[in-house]
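Down below is the structure, laid out as structure tokens.
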2 protein chains.
Amino acid sequence: MLNFTELKIVHIDDHLLFAQGIYSLLGNETFIEKLVHAENFQQGLSISSKLQPDLILLDYFLPDSNGLDSLRHLKAVCQESKVIILTMETNPEVMKKCQGAGAIGFLPKSISKKELLDAIKNAMSNIPTFYFLLPISHSTQRPQSRLNILSKREKQIANLVAEGLTSSEIAKQLFLSDLTVNTHRRNLIQKLGLKNSAQLVAFIQNLKYSES
Amino acid sequence: MLNFTELKIVHIDDHLLFAQGIYSLLGNETFIEKLVHAENFQQGLSISSKLQPDLILLDYFLPDSNGLDSLRHLKAVCQESKVIILTMETNPEVMKKCQGAGAIGFLPKSISKKELLDAIKNAMSNIPTFYFLLPISHSTQRPQSRLNILSKREKQIANLVAEGLTSSEIAKQLFLSDLTVNTHRRNLIQKLGLKNSAQLVAFIQNLKYSES
DNA sequence: AAAAAAATACCTATTTCTTGGTATTGAACG
DNA sequence: CGTTCAATACCAAGAAATAGGTATTTTTTT
């Protein structure tokens, strides 16, 4: 009922070296049934439409199509497939547009294996994973760990939300106003690119396992 | 931040054989720092008050105290400790009283290792685990697996709730009335002994990992 | 065929969450 | 010594969830 089924994944990317990396990263994960690579959009589209994969990893910059169009075409042809965007350089605007166009994840190519696996697991539970990077001008910094965008207080509150406490219970426990807790909740959902508290709970619970 | 820390556990039970079983079951779990056994309530109380364990596994029938009083005394002395009740025979009334008195779990001694570990993990996330058994008169049946008390529809809806869909989104997706979905949600929370949807989400997410 | 369980749907009232804002304070950084 | 960020707190409106019911129709089980 609740297990990850064996996944069919299509990876569309013209960077063959990167594709090689993905393959060696994911190649011997047992939960993956099939991992197919396409080196341009046309090929990726036709493979995807035949295979109807569970997941598509899509490079945002392809020689024969731009990222947003690729995404829209793929979503049109494979409505059931989750799409995670991989990209070299990011800007928040592009990310938002991808979110709007139906991507369930948006990751820089500099992520670690664990981060990629997390994003895939999340995607399979319909939980979005959007990495919020610093604007390009500041991007000499290392890519931020997903949680470092959260402040201490926010982490604390996220955990209590994930235990099923209501805002006012959290407020009492931390000696805060309800309104403050509400603000933190709102910021949490917004920062993590989630939809509501239920997704926040799912996200936090997933983390518990992936971090250990 | 989010990992299971190394747990200190006290197990209070006069059945030495069962205690032995618990010990061999949990003894080499890496997330357990200390596992202490007490063979009566007095001993258990004094050990617990010194050790302030993360978790207390409490046999409901002890020679020197009744279950509910034991529970209350322990909660008074170790406010931070989670208490899971273990018992041979169960009735729903007793279970409810234990819930009211602050237990975070209530399990028959016939559970499997996996079920016990699940309950412990849940407890550490403040998620209750109450096994609803058939009334004693019917109890020749095997103890129900935790999920078998849920119908197909309920499982289906539980999964969608855990993905962060709202009731009306679920209704649309399954071609049901909102009201029906509401009823299922209510029954889910009630059947599983949970508090609200957030705990339902946490519970379902936890299951995903424990079942694989 | 009768009984039990599951799935469906409705009503009402209250609480909680969400979303749209704004604003003040103190700490940290350059 | 400003500027930015975190943390705090407030207002208001609307959506969603919760809790208390009841009730009808299928499906499953005995």
Side-chain angles (χ1 to χ4, degrees), chain A residues 1 96 128 132-135 137-138 140-141 144 147-204, chain B residues 96 99 128 132-135 137-138 140-141 144 147-204:
Chain A
M1 155 202 185
K96 280 201 171 177
F132 286 69
L133 298 184
L134 297 173
S137 51
H138 300 196
T140 45
Q141 288 207 235
Q144 313 249 308
L147 280 176
N148 288 349
I149 63 171
L150 301 185
S151 68
K152 263 189 209 168
R153 217 22 157 194
E154 285 168 340
K155 287 178 193 174
Q156 197 175 18
I157 285 172
N159 280 309
L160 294 173
V161 170
E163 292 180 2
L165 302 206
T166 64
S167 291
S168 67
E169 287 169 336
I170 295 170
K172 265 175 220 149
Q173 185 161 331
L174 301 180
F175 305 104
L176 295 175
S177 147
D178 289 22
L179 299 158
T180 306
V181 176
N182 276 347
T183 303
H184 284 305
R185 285 180 84 126
R186 185 198 326 198
N187 292 341
L188 276 164
I189 290 169
Q190 195 253 305
K191 274 189 179 178
L192 297 171
L194 303 173
K195 226 182 93 188
N196 53 30
S197 291
Q199 290 202 339
L200 179 58
V201 175
F203 182 81
I204 297 294
Chain B
K96 279 202 170 175
Q99 202 166 13
F132 286 67
L133 298 183
L134 297 173
S137 51
H138 300 197
T140 46
Q141 289 208 234
Q144 313 250 310
L147 280 177
N148 288 346
I149 63 171
L150 301 185
S151 68
K152 263 189 210 168
R153 224 5 163 204
E154 285 169 339
K155 287 179 193 174
Q156 196 177 18
I157 286 172
N159 281 309
L160 295 173
V161 169
E163 290 179 5
L165 302 206
T166 65
S167 291
S168 66
E169 286 169 337
I170 295 171
K172 263 174 220 147
Q173 185 161 330
L174 302 180
F175 306 104
L176 295 176
S177 148
D178 289 23
L179 299 159
T180 306
V181 176
N182 277 348
T183 303
H184 283 305
R185 285 180 84 125
R186 186 201 322 198
N187 292 340
L188 276 164
I189 289 168
Q190 195 254 307
K191 275 190 180 179
L192 297 170
L194 303 172
K195 227 182 94 187
N196 53 31
S197 291
Q199 290 203 338
L200 179 58
V201 174
F203 181 81
I204 298 294

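None of these values were measured; they are calculated from a predicted model. Every chain is numbered from 1, with letters handed out A, B, ... down the list of sequences.
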According to side-chain hydrogen bond (donor to acceptor under 3.5 Å, both in side chains), who are the partners of A:Thr180, at least two apart in sequence or on a separate chain?
none
Any idea which heavy atoms bring B:Ser197 and B:Arg185 closest together, and the distance?
OG-NH2, 2.7 Å
So, do A:Ser167 and A:Asp178 sit near enough that their side-chain heavy atoms are less than 4.5 Å apart?
no
Measure the distance from [atom1] on [X] to [atom2] on [N] and round it to the nearest whole Å.
X        : N      : atom1 : atom2 : answer
B:Glu169 : C:dT18 : CD    : P     : 12 Å
A:Lys155 : D:dA6  : NZ    : P     : 11 Å
A:Leu194 : C:dC17 : CG    : C1'   : 15 Å
B:Gln156 : C:dA6  : CD    : P     : 15 Å
A:Leu150 : D:dC5  : CG    : P     : 15 Å

To the nearest 0.5 Å, what is the distance between CD on A:Gln173 and CD on A:Glu163?
7.5 Å
Please identify each residue that fulfils side-chain contact (heavy atoms from CB on, under 4.5 Å) with B:Leu174, with sequence neighbours left out.
B:Arg153, B:Gln156, B:Ile157, B:Leu160, B:Ile170, B:Leu176
Quick one: what's the B/S/- string for nucleotides 8-30 of chain D, heavy-atom cutoff under 4.0 Å, read 5' to 3'?
BBB------SB-BB---------
With distance as the sole test, does B:Asn196 use its side chain to make a donor-acceptor pair with the main-chain N or O of B:Gln199 at under 3.5 Å?
yes
